[in-house]
Amino acid sequence: MGIVWAAMGVGIIPLAIMRAMKEIAAKPSEENWIFWSIVLVVLMPIIAFSLITFGVFALKGEYEAID
Amino acid sequence: MANNLSASHSEEVTSTRRVIAASSVGTLIEWYDFYIFGSLAKIISEQFFPKDNPTAALLATLATFAAGFVVRPFGALFFGRLGDLIGRKYTFLVTLVIMGGSTFVIGLVPGYQTIGFWAPAIVFLLRLLQGLALGGEYGGAATYVAEHSPDHQRGYWTSFIQTTATFGLFVSLGVILIVRQSLGLEKFNDWGWRVPFLLSIFLVAISVFIRMKMSESPLFAKLKKEGKTSANPLAESFQKKDNLKMVLLALLGATAGQGVVWYTGQFYALSFLQNACNIEFVQSNIIISIALVIGTPFFVVFGALSDKIGRKWIMMVGMLIAVLTYKPIYQAMYDLGSVKKKVEIKEKTTVEHKAEVKGSDSLKTTITKKTFEDGTTYKEVKKEKFPTDPALKAALPKDKLKPDTKKETTLPQDIFYKMIGLVLIQVIYVTMVYGPIAAFLVELFPTRIRYTSMSLPYHIGNGVFGGLVPLISTRLVEATRPAADLPPADPLAGLMYPILIAAVCFVIGSLYISNKPVATDID
């Protein structure tokens with residue numbers, strides 16, 4: 001399953017950037033900028049970093065010993 | 001001998017109760033301080049942001065509200081480190097003072113009309129301070145109580161700390177309602193909204209007084225005496241693989257899902273009642289408040305249950321049923337609250353027109369009142385302001401002529417109770433995921449770096465993933481609006497975000513989390 005989490009983490013980066021560019025290009029309003037800045041600067045890096053790192057740990061079997 | 005043992009046990013229980021009471025009161029006040037901002041979001045947007053675009057002002061307020069959540073992990077790092085270096089007691093005393101001070105000052109900041117852009121800038125900064133303080137508070141209080149609790153009752157005792165967030169929200173709603181009802185709407189909107197902020201200073205003073213009398217956590221004091229405290233808790237928490245992997249597991253397998261369930265069940269439910277169903281302000285707040293009061297004891301029920309059957313599956317089941325039932329619950333709320341599908345009693349409908357001239361502007365007000373067969377009443381106040389001079393009016397762009405419309409639905413008693421029931425179900429989910437989580441987090445990390453290690457995943461999960469629910473969900477609903485003057489096509493679109501996060505968290509938590517404590521030095 002580790003590969004799934006890591007792939008999700010990687011996949012979310014282009015998805016979020018493309019969506020943000022599309023929406024800001026369609027409506028470059030202040031509210032759009034605020035919203036996408038929060039998503040791209042705060043939420044997306046946290047999700048991407050944590051899923052990728054978690055996925056790598058899971059792939060290496062780091063969580064097998066916990067139970 | 002038996003008498004001595006019994007006396008010593010009773011002293012221990014009394015002492016633990018004192019610890020819990022002192023910790024909980026302070027944490028409750030911090031949550032209260034944090035949530036009055038969210039509960040007063042609409043008024044704050046009118047007071048501190050430009051009035052010419054109310055949607056942008058509300059979004060800017062929500063962004064400021066969200067900023068308070070986003071900085072919480074930084075507060076967790078900063079104060080967590082302090083807590084692991086100098087001690088739990090002094091650290092959460094400092095956070096309490098910062099929180100109370102910033103809340104009090106928000107109540108004193110002049111509005112946008114008086115100091116212009118300084119107003120939102122100052123409020124934004126104070127909001128950041130609130131977030132930092134809260135980031136340091138919760139981990140300290142949970143760790144402090146857990147380190148005083150007996151091993152077999154840790155879930156039970158820490159669950160009292162878990163009630164404080166919900167109770168803090170309840171108190172914030174209660175104080176706002178009482179102030180609003182006693183002053184009247186006009187005075188409340190003018191200056192009365194400041195009272196709940198100003199009140200905070202007294203609450204904090206009481207709490208500081210109580211906390212000053214508390215002693216340091218016994219586990220931390222022992223560690224300090226033995227010289228075994230961490231020299232660099234940040235490096236030990238996040239640079240060592242064995243601990244980092246647990247931080248990530250706590251975040252992705254528990255706190256992120258807990259955060260979205262918490263904010264959907266309490267905050268988004270209120271926002272949904274007010275914005276999607278247009279339920280009248282007082283009635284919607286009463287619905288949430290009653291559901292919170294009835295639901296709060298379940299934090300303790302699930303906390304105690306987690307001592308018997310383990311923490312994991314209570315949290316996972318809470319997340320799973322939230323994922324599966326949010327859509328039908330919110331659909332039912334929408335069907336009960338929205339007037340779209342209700343049958344109108346046409347002969348009871350009244351329409352009142354008022355026109356007045358203010359300087360060079362004309363103000364036209366239309367008040368429409370409707371009654372529906374199920375007893376629901378609906379009031380719509382539409383205000384149109386335009387220049388009296390037809391040439392000037394014709395020159396204005398269309399969006400400047402857009403009427404300001406306020407819609408208010410008041411539910412009859414039977415639907416009001418059903419609505420409480422639907423919110424209560426969501427509060428129960430909150431208690432399932434949130435009740436055992438403090439004990440779960442505390443048991444995941446060793447004493448020397450516990451404050452730092454548990455605070456970060458908690459505040460990223462609860463603060464960032466959860467705190468962004470109102471902003472992201474409002475935005476997802478807005479995206480389904482076909483045109484600016486039309487209602488959103490899918491009022492339930494906002495649920496996609498919490499459902500997705502909780503679903504991923506459920507899968508990760510179910511697969512990887514252990515049902516037994518991981519840390520060995522908590523006993």
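Atom set for the values below is all heavy atoms of this structure, side chains included, hydrogens, waters and symmetry mates excluded. Chain letters run A, B, ... following the sequence lines, proteins first and then strands; every chain starts at 1.
Looking at A:W36, the atoms closer than 4.5 Å to chain B (heavy atoms on both sides) all sit in the side chain, from C-beta outward. Only the side chain of A:M8 comes within contact range of chain B, judged by heavy atoms closer than 4.5 Å. Only the side chain of A:F57 comes within contact range of chain B, with at least one heavy atom under 4.5 Å from a heavy atom of that chain.
With rounding to the nearest 0.5 Å, the separation of CD1 in A:I46 from CG in B:L251 is 8.0 Å. Put simply, CG on A:N32 and CD on B:E478 are 11.0 Å apart, with the number rounded to the nearest 0.5 Å. Taken to the nearest 0.5 Å, the CD1 atom of A:I47 stands 4.5 Å off from the CD1 atom of B:I501. Interatomic distance, OH of A:Y63 versus CD1 of B:I513, reported as 10.0 Å (0.5 Å rounding). Expressed to the nearest 0.5 Å, how far CG of B:L248 lies from CZ of A:F49 amounts to 6.5 Å.
Counting heavy-atom pairs under 4.5 Å between each of B:L252, B:V464, B:L468 and chain A puts B:L252 at the top.
Heavy atoms only, all atoms of each residue included: A:G2 and B:Y512 are closest at N-OH, 4.2 Å. When all heavy atoms are compared, the tightest approach of A:E62 to B:K245 is O-NZ, 3.0 Å.
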Check against side-chain contact (heavy atoms from CB on, under 4.5 Å), A:F54 and B:I508: CA-CA 10 Å; A:F54 179 80; B:I508 292 182; 3.4 Å; yes
Worked check of side-chain contact (heavy atoms from CB on, under 4.5 Å) between B:F465 and A:L43: CA-CA 8 Å; B:F465 284 90; A:L43 196 60; 4.3 Å; yes
A:W5 vs B:L511, side-chain contact (heavy atoms from CB on, under 4.5 Å): CA-CA, chis, key distance, verdict: CA-CA 12 Å; A:W5 312 121; B:L511 287 175; 4.3 Å; yes
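By the 6.0 Å contact criterion, CE on B:M496 is open, its count of non-hydrogen atoms from other residues, nucleotides or ligands being 12 or less. Shown here is B:F74, whose CZ atom has no more than 12 heavy atoms of other residues, nucleotides or ligands within 6.0 Å. The number of heavy-atom neighbours closer than 6.0 Å to CD1 of A:I3, taken from other residues, nucleotides and ligands shown, is 12 or below. For A:M21, the CE atom sits in a loose shell: 12 or fewer heavy atoms of surrounding residues, nucleotides or ligands are nearer than 6.0 Å. Other residues, nucleotides and ligands contribute only 12 or fewer heavy atoms inside 6.0 Å of the CZ atom of A:R19.
Scanning for side chain to side chain donor-acceptor pair (under 3.5 Å) contacts around B:S271 gives B:N275, with sequence neighbours left out.
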